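Notes follow the structure.
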Amino acid sequence: MAINITLPDGSALQLESGSTGATAARAIGRRLAEAAVAIRVNGELRDLAVVLADGDAVEVITADADMGRAVLRHSAAHVMAQAVLDLFPGAQYAIGPAIEDGFYYDFHIGRAFTPEDLEAIESRMAEIVAADQPFEREVVSTQRALEIFADQAFKREIIEAVEESEGAAGVEVSLYRNRGFVDLCRGPHLPSTGRLAAFKLLRTAGAYWRGDEHRPQLQRIYGTAWESREALDAYLHRLEEARRRDHRRLGADLDLFSFPPELGSGLAIWHPKGATVRGLMEDYSRRVHQTHGYQLVVSPHVARADLWQQSGHLGFYAETMYPLMELDDGDRYVLKPMNCPFHILIFASRGRSYRELPMRLFELGTVYRYERSGVLHGLLRARGFTQDDSHIFCMESQIGEELQGLLDFSLMVLRDFGFEAFEADLSTRPEKFVGRPELWDRATVALGEALDRAGLAYTVAEGEGAFYGPKIDLHVRDAIGRRWQVTTLQVDFAQPDNFSLEYATADNTRERPVMIHRALFGSVERFLGVLLEHYAGALPGWLAPVQATIVPVADRHHGYAGEVAGALEAAGLRPEVDLADDTVGEKIRRALTHKHPAVLVVGDRDVAAGTVGLRLRGGEEARGVALADALERLGRECRPPR
RNA sequence: GCCGGAGUAGCUCAGGGGUAGAGCAGCUCACUCGUAAUGAGCAGGUCGGGGGUUCAAAUCCCCCCUCCGGCUCCA
């Protein structure tokens with residue numbers, strides 16, 4: 001008896017009846033069989049040991065494919081759990097999935113793991129890998145599974161959840177066994193532990209069971225696994241590269257900002273160079289908003305508690321707000337965590353006509369949020385930060401067009417700062433919500449259409465929206481492929497109600513406007529942090545705090561260096577003259593390590609000829625460049641995007 | 001907030017019961033130099049803060065603060 005299977009290229013392959021995925025891989029090629037870790041049968045990822053049926057569409061998955069790596073990492077998680085159970089008898093094990101770039105497993109051993117524990121676990125894992133134990137799949141009833149995991153409370157909870165979701169007891173679950181170790185698991189897995197070529201345990205962390213902070217905290221071990229030693233090394237190198245780009249380190253090295261403990265957690269002070277950069281970002285932001293239909297507004301940092309009561313913040317957001325300030329006369333004030341109530345008050349300050357809509361108010365508004373101490377992370381998560389915040393008041397009928405325009409505007413801004421790859425999340429109506437469902441649906445559809453028309457890939461986060469409206473989050477990919485959330489476009493059906501906002505229609509009736517919140521950078525601080533990591537500190541010319549260092553070869557060239565600096569300044573550039581008592585090489589090195597875009601060396605020949613030695617970022621170097629040419633060239637390098 | 005790790009000179013780090021060390025940065029002097037580190041000298045720290053143990057604490061113990069890695073939360 002023979003069966004026929006189809007391969008991804010459409011070709012057919014005849015195999016003996018009873019053939020497995022592994023057989024199929026071998027039939028296609030020896031090297032493929034060696035690299036194979038799993039197989040996709042009719043779209044479903046399965047073990048290589050799966051028995052194929054006549055007519056199956058089959059795709060062999062290798063270890064260097066994303067799906068293959070996930071299998072590899074999942075198996076690595078099993079091996080790690082096996083090692084932990086070997087070394088810590090009585091350990092409880094919870095869940096251990098593959099994640100981006102690695103895997104983790106959560107355990108309860110009655111204490112935390114130490115670095116020595118990790119080494120021991122890693123050694124034990126190496127032994128298990130060397131033993132090349134086969135992974136064997138087994139399907140059992142949930143009753144049987146509950147017996148097998150009688151002393152594993154977390155596993156029992158998972159099994160019970162399976163029964164519940166299936167609506168009946170007695171359904172089946174799959175297990176994977178390899179020599180003495182058994183885990184509840186959907187699979188698939190590697191054929192055997194010996195296929196784990198390269199792995200490393202990275203760190204431990206506390207993690208709540210089921211991600212719920214009211215439930216027990218488990219000990220999580222993170223690890224990474226790759227298809228080869230080379231791939232693992234490349235990954236570890238990538239981690240090192242990420243560390244090198246850490247904006248907190250760059251902020252100190254480049255003298256941009258600092259977080260002195262005296263100030264308080266999560267609060268930055270901006271040194272002259274850092275203030276220059278953020279000033280440039282803010283100038284750009286104000287400029288493009290003014291030329292794209294926005295009106296600039298300004299609001300104070302504190303406001304009466306009553307305002308925050310009316311906006312609902314004291315009800316829903318109080319935890320994240322700095323505590324109330326009580327004044328002598330009993331009046332209570334709050335430091336602002338958001339700008340929206342102020343913009344609403346501006347809208348409400350007089351009667352509004354449909355002719356004024358959409359009304360787009362923009363502010364670089366500094367807000368303060370009392371974030372939980374454990375979440376703070378440099379500029380990326382601070383307690384005081386400045387939002388490039390806008391609130392748009394429009395008619396229901398304008399939502400679609402407005403969102404489209406907003407998205408285009410957002411992408412223009414992000415591209416201006418050098419980002420090229422974008423991804424979006426569309427968060428839809430949650431179970432608890434305010435507003436009319438059909439309005440929600442229309443807005444959600446409008447958000448989706450805007451994304452489609454902009455050609456943006458997006459994932460729908462079903463039910464993840466805030467109770468007051470759907471939203472789009474935009475993410476950028478940085479130079480080393482990391483994903484950062486920046487822009488948020490949030491539709492709001494609640495605030496106009498809270499403040500009874502209205503406008504006069506063409507028929508002279510009153511209608512309630514819809515509000516859209518949006519921040520493009522997210523926050524100026526956060527966005528600058530992302531930029532620093534993206535550019536590894538080497539900001540584009542127009543954002544560099546110092547655009548050119550002028551290096552006099554000897555003391556007698558100081559005068560001419562000053563003249564050159566004057567010429568640059570007159571051309572609107574930001575030069576710095578290095579008058580230090582150091583060699584030329586040392587001054588060059590200093591300028592380069594400070595990531596300045598250009599170095600201008602001036603010596604005897606330049607003084608005589610009115611030239612400079614021009615060295616640009618990226619290694620381009622020329623001697624005897626006429627000052628006018630150098631100015632022209634620098635002007636080009638440092639021109640703002642608009 | 002929770003779990004773990006760490007705080008020694010401006011930065012990176014060594015020292016681990018017997019009155020504090022290096023490199024870089026800083027300052028001074030010499031050198032006046034053509035594209036990634038010139039040399040010498042000087043100065044710099046109640047070892048994060050408080051309490052305790054001890055004849056003696058940077059070192060051991062307790063509490064607090066800050067930072068780092070996660071969890072949860074989020075711009």
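Residue numbers start from 1 in every chain, and the chains themselves are labelled A, B, ... in the order their sequence lines are given, proteins ahead of strands. Values in this document were obtained by computation on a predicted structure and should not be read as measured data. All values below were derived from every heavy atom in this structure, side-chain atoms included, with hydrogens, water molecules and symmetry-related copies excluded.
A distance of about 12 Å separates the P atoms of U12(B) and G7(B), rounded to the whole Å. Straight-line distance between the P atoms of C13(B) and U72(B): roughly 29 Å, to the nearest whole Å. With both ends at atom C1', the span from C55(B) to C42(B) equals 37 Å, rounded to whole Å. Taking the C1' atom of each, U46(B) and C33(B) are spaced 45 Å apart, rounded to whole Å. For A14(B) and A9(B), the P atoms lie 12 Å apart once the distance is rounded to whole Å. Using atom P as the reference point in both C47(B) and A58(B), the two lie 6 Å apart (nearest Å). The gap from the P atom of G15(B) to that of A6(B) amounts to 13 Å, rounded to the nearest Å. The separation of A36(B) from G48(B), taken at their C1' atoms, amounts to 36 Å, rounded to a whole angstrom.
The nucleotide U12(B) finds its pairing partner in A22(B), both defining distances of the Watson-Crick or G-U wobble pair being shorter than 3.5 Å. Searching all strands for a Watson-Crick or G-U wobble partner of A30(B) with both distances below 3.5 Å returns U38(B). Using N1 to N3 plus N6-O4 or O6-N4 for Watson-Crick, or N1-O2 and O6-N3 for G-U wobble, each under 3.5 Å, U54(B) pairs with nothing. In this structure A6(B) sits in a base pair with U66(B), meeting the Watson-Crick or G-U test at under 3.5 Å. The base-pairing partner of G1(B), taking Watson-Crick or G-U wobble contacts with both distances under 3.5 Å, is C71(B).
Among the protein residues, Ala112(A) comes within range of the sugar-phosphate backbone only, with heavy atoms under 4.0 Å from sugar or phosphate atoms but none that close to a base. If you check every strand for non-hydrogen atoms under 4.0 Å, Asp604(A) touches a base. Heavy atoms of Gly613(A) sit under 4.0 angstrom from at least one base atom. Among the heavy atoms of the strands lying under 4.0 Å from Ala207(A) are primed sugar atoms or P, OP1, OP2 only; no base atom is included. Among the protein residues, Ala382(A) comes within range of the nucleic acid bases, having at least one heavy atom under 4.0 Å from a base atom. Contact annotation for Ser373(A): base contact, defined as any heavy-atom pair under 4.0 Å involving a base atom. Heavy atoms of Gln219(A) sit under 4.0 angstrom from primed sugar atoms or phosphate atoms, though from no base atom. Among the protein residues, Gly211(A) comes within range of the sugar-phosphate backbone only, with heavy atoms under 4.0 Å from sugar or phosphate atoms but none that close to a base. As judged by a 4.0 angstrom heavy-atom cut-off over every strand, Glu319(A) is placed among residues making no nucleic acid contact. Within the 4.0 angstrom heavy-atom criterion, only backbone atoms of the sugar-phosphate kind lie near Arg220(A); the bases stay farther away. Among the atoms of the strands shown, base atoms are found under 4.0 Å from some heavy atom of Arg381(A). Counting non-hydrogen atoms under 4.0 angstrom, His557(A) reaches nothing in the nucleic acid. Nucleic acid contact class of Val375(A) (heavy atoms, under 4.0 Å, all strands): base. Phe113(A) comes within 4.0 angstrom of no nucleic acid atom, judged by non-hydrogen atoms across all strands.
The footprint of chain A on RNA chain B, defined by a heavy-atom cutoff below 4.0 Å, extends from G1(B) to A75(B).
Ion pairing of Arg243(A) with Glu240(A) is present here, as a side-chain N (NZ or NE/NH1/NH2) and a carboxylate O approach within less than 4.0 Å. The existence of a salt bridge linking Arg111(A) and Asp117(A) is confirmed by a sub-4.0 Å separation between a basic side-chain nitrogen and an acidic carboxylate oxygen.
Residues Tyr105(A) and Phe103(A) place their aromatic rings such that the two centres sit no closer than 6.0 Å. Between Tyr294(A) and Phe409(A), the distance separating the two ring centers is shorter than 6.0 angstrom. Taking the centre of each ring, Phe417(A) and Phe521(A) come in below the 6.0 Å mark.
Shown here are the side chain to side chain contact (heavy atoms under 4.5 Å, CB included) partners of Val297(A), two or more places apart in sequence or in another chain: His343(A), Ile346(A), Leu361(A), Glu363(A). By the side-chain hydrogen bond (donor to acceptor under 3.5 Å, both in side chains) test, His313(A) is found to be paired with Ser311(A), residues two or more places apart in sequence or in another chain being considered.
Using cut-offs of 30° and 60° on the angle between ring planes, the pair Phe113(A) and Phe88(A) is perpendicular.
Along RNA chain B, the nucleotide nearest Arg615(A) and the nucleotide nearest Gln217(A) are compared for position; the residue whose nucleotide lies closer to the 5' end is Gln217(A). Closest-nucleotide positions on RNA chain B for Gly522(A) and Val607(A) were compared, and the one nearer the 5' end corresponds to Val607(A).
Summarising the local packing, CD of Glu100(A) is surrounded by 12 or fewer heavy atoms from other residues, nucleotides or ligands at distances under 6.0 Å. For CZ of Phe467(A), the number of neighbouring non-hydrogen atoms (other residues, nucleotides, ligands) closer than 6.0 Å is greater than 12.
Residues of residues 413-424 of chain A having a heavy atom closer than 4.0 Å to RNA chain B: none are found.
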Can you give the donor-acceptor pairs under 3.5 Å from side chains of residues 201-211 of chain A to other protein atoms, not counting sequence neighbours?
unit_1, atom_1, unit_2, atom_2, d
Trp209(A), NE1, Glu157(A), OE1, 3.1
Trp209(A), NE1, Glu157(A), OE2, 3.4

Identify every side-chain donor-acceptor pair in residues 372-384 of chain A under 3.5 Å, counting partners at least two apart or on other chains, and give the distances.
unit_1, atom_1, unit_2, atom_2, d
Arg372(A), NH2, Glu213(A), OE1, 2.8
His377(A), ND1, Arg248(A), NH1, 3.3
Arg381(A), NH2, Glu371(A), OE1, 2.9
Arg383(A), NE, Glu371(A), O, 2.9
Arg383(A), NH2, Glu371(A), O, 2.6

